[in-house]
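In what follows, a single structure is set out as structure tokens and then discussed.
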Amino acid sequence: MNKAITRALLVCALSIAALSVWGAPGPGDIIPRPVSFTSGGSVYRFRKDGKDIKIKSADKALRRELTSLSLPDFALDEAYRLTVGKDGIQIAALSQKGVLRARQSLAYMESLSEDGTIEQCTITDYPRFSHRGLMLDISRNFRSKDFILKQLDAMSRVKLNSLHLHLTDGAGWRIEIDSYPELCNYAAWRTADKFTEWSRGGGYARKGSEGAYGGYLTKEDAKEIVSYAERLGINIIPEIEMPGHCAEVTAAYPELSCSHKDANGIPIQTPTPDVCPSNEKTYEFFGKVLDEVIEIFPSRLIHIGGDEASRRAWRECPSCQELMRKEGMTDIAELQSYMTKRIEKHILSRGRVLLGWDEIMEGGLAPEATVMSWRGTAAGAEAMAGGHDVIMCPMSNCYLDYPQDEPSRVPPAFGSYQPLKNVYKFNPQPEGVDGAMLPHLLGVQGNLWTEYVPTDEHAEFMLYPRAFAIAEIGWTPQEEKDFDNFRERALDLVDVLRADGYHPFDLANEFGDRPEAIHPAVHLALGCPVKYNIPYSTQYQAAREASLTDGVRGGYSYYDAVWQGFLSDIDVVIDLGKVQDLHFIGASFMSQMGVNIALPEKTEAWVSEDGETFTLLCTTFRELPDAAQTGQCFVLYGEVVNGRGRYVRYKAFRSGKPRHDWLFTDEILIN
Ligand code: ACM
Ligand code: ZN
């Protein structure tokens with residue numbers, strides 16, 4: 001039960017004296033769960049003047065004790081001991097950062113208290129990882145300084161210590177740069193406010209022109225964010241995307257694009273989504289931009305993006321092709337590596353370290369780069385094996401733009417079901433990463449892309465409570481994690497945030513996973529062999545040949561290893577073992593916006609007694625639900641039939657022209 005409700009019930013049930021002991025919040029109620037704590041069995045009442053706190057910020061005894069545990073430096077830096085006793089509060093730490101973390105724990109317990117009391121207790125605490133982050137995309141839909149400051153407050157409650165701002169992307173440039181004024185006068189503005197509308201063919205607009213949507217952080221805004229964050233023990237990592245996701249840059253400065261030949265064979269330059277890596281102007285541009293960014297943001301890590309460059313124009317560009325010849329490159333990805341290495345030299349010369357999405361490994365990783373592993377954790381493990389620092393944020397668990405509940409109950413979202421539980425279960429330390437590699441694992445991050453997140457309220461809805469799970473993954477020892485216990489604490493914190501004017505997801509009324517996925521399906525074809533006339537995709541093979549008759553139904557996520565994927569029509573034959581009466585044949589299909597998973601145009605069920613001669617039993621058409629256009633949906637293609645046979649041939653035909661979409665199904669149900 002929600003802790004707040006438990007306490008309210010106790011208020012009714014117990015005398016005031018007893019209530020204080022049992023009802024007061026303590027260290028077992030906060031996120032992240034502290035490394036160790038004991039409760040004093042009595043309560044402490046906060047003094048109004050706040051003069052009851054004694055602080056030792058360089059406590060020698062605590063240092064000796066924690067050093068004997070061989071804690072890494074970053075953990076010592078944030079370590080604290082908080083003692084809440086009968087007469088007052090003591091904070092011991094090894095640095096001001098540690099004092100801050102103790103104060104955050106104290107403030108958290110106080111925020112949960114309804115009567116000004118908390119448990120007497122002793123907490124000894126330090127983080128598992130040095131990087132506990134969130135990423136916020138403010139390009140796709142701009143978010144203001146005030147919104148960012150508000151989220152820093154929420155982050156500090158749970159000791160998150162890094163906010164990565166995705167400042168630039170094709171949808172708009174969001175940071176003031178003096179050297180290239182067109183970035184803020186043009187590239188920061190577009191012709192439609194909602195990204196989803198704009199992305200269907202919208203362009204850029206001049207600042208101040210009618211209907212122009214956009215905006216950017218001024219240098220003053222950004223500096224205010226940095227210094228506010230610093231006071232909360234949070235670092236701001238700026239991201240300047242290159243070489244892909246640069247359509248807004250080349251719209252404002254077309255000379256940074258590749259050249260290609262027009263219909264008459266004359267080389268021309270038109271804006272391309274990727275900048276040209278063989279053009280000296282590209283290096284002049286990013287050199288100056290990064291210098292201005294570095295002046296604003298003190299972050300050691302400077303993010304240069306690096307993801308999803310199409311590299312398409314580079315193949316046609318005479319100067320890119322010349323550079324490849326000159327450098328002996330055989331793979332187009334080496335051009336990106338060439339650029340990243342040059343940019344790294346520049347960043348290192350300014351005393352900073354380059355950070356990029358895991359694509360920067362393709363074609364050869366820059367010597368001192370740090371990698372953000374988003375397409376799974378394997379890239380991160382490989383980078384660590386090569387001696388590079390890594391931050392883990394795989395989309396499978398850490399993408400907060402994905403829907404957190406049954407898709408029709410939440411606003412349209414990109415990607416697949418990402419409930420709190422799925423985020424929480426993530427362990428950033430892959431198997432085989434230990435010993436000398438472990439210090440390279442900097443930590444974990446949750447990423448909020450905002451293509452489908454147009455408003456402040458919606459962004460908060462996506463962030464909380466899933467950001468709390470990221471905080472606990474990053475701080476609490478893996479063996480101390482417990483989802484059921486965490487969920488109780490998250491319910492309390494959701495209430496506190498809501499009372500403070502945030503708009504978190506209503507965790508208390510979570511619907512949860514697809515009901516079909518919870519209990520095995522029982523039907524005539526259970527365990528029967530399936531022959532594939534057209535093979536399933538090896539990318540989404542699920543339980544291979546057993547998949548469609550194993551009784552296991554898929555959840556909301558197409559990559560849960562239960563849904564089987566086909567980049568073709570489906571044509572399978574199920575052998576029921578003996579001739580029998582058949583009353584129903586059908587299968588569920590998933591459709592998923594944004595990843596080309598579509599419903600079939602139609603399905604057919606055929607039946608045969610000998611496996612040679614089949615008779616058509618039914619053809620099923622379905623109207624496309626609205627959700628097929630805007631999010632995710634599940635549709636059963638099946639019919640009541642009146643048939644008899646041993647073999648059932650089930651076919652599903654892809655719709656659309658060209659027929660390139662995926663089909664995903666989890667089970668062929670026969671009764
Ligand atoms: C990414 O999600 N493109 C890093
Ligand atoms: Zn080029």
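Counting starts at 1 for both ligands and their atoms, in listed order. These numbers come from the heavy atoms of this one structure, side chains and all, not from hydrogens, waters or symmetry mates.
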Specify whether [X] and [Y] have parallel, tilted or perpendicular ring planes, treating 30° as the upper limit for parallel and 60° as the lower limit for perpendicular.
X      : Y      : result
His166 : Trp449 : perpendicular
Tyr464 : Tyr502 : perpendicular
Trp662 : Phe664 : tilted
Trp198 : Phe195 : tilted

Quiz item: Phe634 ring centre to Arg514 NZ or CZ under 6.0 Å, with the angle to the axis within 45°?
Solution: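 Ring-cation test returns yes.
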Self-check item: atom 2 (O) of ligand 1: nearest protein contact (heavy atom, Å)
Solution: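 Answer, as residue, atom name and distance: Tyr399 OH, 2.7 Å.
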Practice problem: Provide, to 0.1 Å, the distance between atom 3 (N) of ligand 1 and the closest protein heavy atom, together with that atom's residue and name. | Solution: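 Answer, as residue, atom name and distance: Asp307 OD2, 2.6 Å.
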Quiz item: Going by chain and residue number, what protein N/O/S atoms come nearer than 2.8 Å to the Zn ion (ligand 2)?
Solution: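 Result, waters dropped: Cys258 SG, Cys276 SG, Cys317 SG, Cys320 SG.
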Quiz prompt | Arg466 side chain vs Leu400 backbone, donor-acceptor pair below 3.5 Å | solution =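 Checked: pair present.
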Quiz prompt | Mode of Met372 contact toward ligand 1 - side chain, backbone, both, neither (heavy atoms, under 4.0 Å) | solution =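 Neither; no heavy atom under 4.0 Å.
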Practice problem: Identify, by atom number and element, the atoms of ligand 1 in contact range of Glu308, meaning under 4.0 Å from any of its heavy atoms. | Solution: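 In order of number, 3 (N).
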Self-check item: Enumerated ligand 1 atoms positioned under 4.0 Å from heavy atoms of Trp449
Solution: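 With Trp449 as reference, the close atoms of ligand 1 come out as 1 (C), 2 (O), 4 (C).
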Quiz item: Would you call Glu406 and Arg409 a salt bridge, taking side-chain N to carboxylate O under 4.0 Å as the test?
Solution: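 Salt bridge: yes.
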Side chains of residues 379-397: which donor-acceptor partners sit under 3.5 Å, not counting sequence neighbours?
| unit_1 | atom_1 | unit_2 | atom_2 | d |
| --- | --- | --- | --- | --- |
| His388 | ND1 | Ala369 | O | 2.8 |
| Asp389 | OD1 | His440 | ND1 | 2.8 |
| Asn397 | ND2 | Asn422 | O | 2.8 |

